[in-house]
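Remarks on the structure that follows.
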Amino acid sequence: MPRQINRTQEIRFNIAQHMGVLGKSQTGWTKEVNLVEWNDKPSKLDIRDWDPEHEHMSRGITLRRGETLALLEILLRHFGKELAANRTEAKPEVEQQPEHEPGEFEDLCAEDEDCGSECECCSDSI
């Protein structure tokens with residue numbers, strides 16, 4: 001049986017950290033990678049299109065820490081050599097970001113489940 005979704009409930013979000021822009025459409029919307037807190041839950045990696053004021057968004061994908069690391073491993077396995085070869089080339093459609101600092105992604109929940117504030121990594125405020 002399909003799961004019922006309550007569409008009358010407002011979705012709350014907070015962009016905890018803007019990580020980069022993947023591209024921009026002619027309408028001004030940008031496809032972004034961010035750490036987003038959805039409905040006051042721990043932040044997750046989020047990829048979606050946003051309007052210029054970040055008031056409206058498209059459907060996107062949200063990944064937990066384990067899923068994010070698995071995606072990174074898959075992408076490096078398939079595109080690692082190409083990335084290394086092109087590392088010094090600037091891509092005009094990709095916003096260049098500085099190298100990340102150690103521990104930068106610690107804001108992502110370490111659990112692979114939606115743990116709310118139950119686990120040790122989520123009990124402290126982010």
Side-chain angles (χ1 to χ4, degrees):
M1 171 183 260
R3 190 171 84 178
Q4 296 292 330
I5 298 173
N6 181 357
R7 299 227 186 251
T8 60
Q9 193 175 27
E10 182 180 333
I11 297 173
R12 295 178 314 279
F13 65 90
N14 175 48
I15 299 175
Q17 182 180 355
H18 172 73
M19 300 181 81
V21 173
L22 299 175
K24 186 173 183 175
S25 72
Q26 292 178 342
T27 62
W29 284 53
T30 52
K31 186 175 305 281
E32 300 182 13
V33 179
N34 296 306
L35 291 180
V36 178
E37 298 164 351
W38 295 100
N39 295 322
D40 302 318
K41 301 275 178 140
S43 58
K44 296 180 182 176
L45 186 78
D46 185 80
I47 304 170
R48 71 183 64 241
D49 291 333
W50 291 88
D51 75 340
E53 293 80 29
H54 290 89
E55 293 175 358
H56 302 283
M57 67 197 90
S58 69
R59 290 185 179 196
I61 184 167
T62 302
L63 302 171
R64 296 178 186 100
R65 181 184 182 90
E67 295 167 332
T68 300
L69 295 174
L71 175 62
L72 179 60
E73 186 175 299
I74 291 167
L75 292 174
L76 286 174
R77 185 170 57 240
H78 289 277
F79 299 105
K81 290 179 183 178
E82 185 177 341
L83 177 65
N86 295 321
R87 186 120 177 121
T88 57
E89 280 185 35
K91 303 286 185 194
E93 70 276 1
V94 177
E95 179 182 304
Q96 298 296 313
Q97 295 291 321
E99 294 291 326
H100 71 86
E101 297 295 324
E104 179 179 359
F105 301 110
E106 290 176 0
D107 284 352
L108 286 173
C109 176
E111 297 295 319
D112 273 349
E113 300 297 322
D114 273 328
C115 57
S117 61
E118 302 299 321
C119 71
E120 184 177 312
C121 68
C122 297
S123 60
D124 297 327
S125 59
I126 295 176

Taking [Y]'s backbone N and O only, do any of them form a donor-acceptor pair with [X]'s side chain (distance below 3.5 Å, no angle check)?
{"X": "Ser58", "Y": "Asp49", "value": "yes"}
{"X": "Glu67", "Y": "Arg64", "value": "yes"}
{"X": "Asp51", "Y": "His56", "value": "yes"}

So if you build clusters from Ile, Leu, Val, Met, Phe, Trp, Tyr with side-chain heavy-atom gaps below 4.5 Å, do [X] and [Y] land together?
{"X": "Trp50", "Y": "Leu22", "answer": "no"}
{"X": "Met19", "Y": "Ile47", "answer": "yes"}
{"X": "Phe79", "Y": "Leu69", "answer": "no"}
{"X": "Trp29", "Y": "Val21", "answer": "no"}
{"X": "Val36", "Y": "Ile61", "answer": "no"}

Decide yes or no for [X] and [Y]: does some side-chain heavy atom of the first lie under 4.5 Å from some side-chain heavy atom of the second?
{"X": "Phe13", "Y": "Asp46", "value": "no"}
{"X": "Lys44", "Y": "Thr68", "value": "no"}
{"X": "Leu45", "Y": "Leu35", "value": "yes"}

Value for NE2 (His78) from CG (Leu83), rounded to nearest 0.5 Å, stands at 14.5 Å
Original post:
Looking at CD of Gln17 and CG of Asn34, how far apart are the two atoms once the value is rounded to the nearest 0.5 Å?
Top reply: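 Those atoms lie 8.5 Å apart.
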**Item:** Atom of Gly28, atom of Pro52 and distance for their closest heavy-atom approach
**Value:**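 Smallest interatomic distance, heavy atoms only, reads O-CG, 3.6 Å.
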Next item on the list: Quick one: closest heavy-atom pair of Glu32 and Thr30, and the distance?
Entry: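 The answer is OE2-OG1, 2.6 Å.
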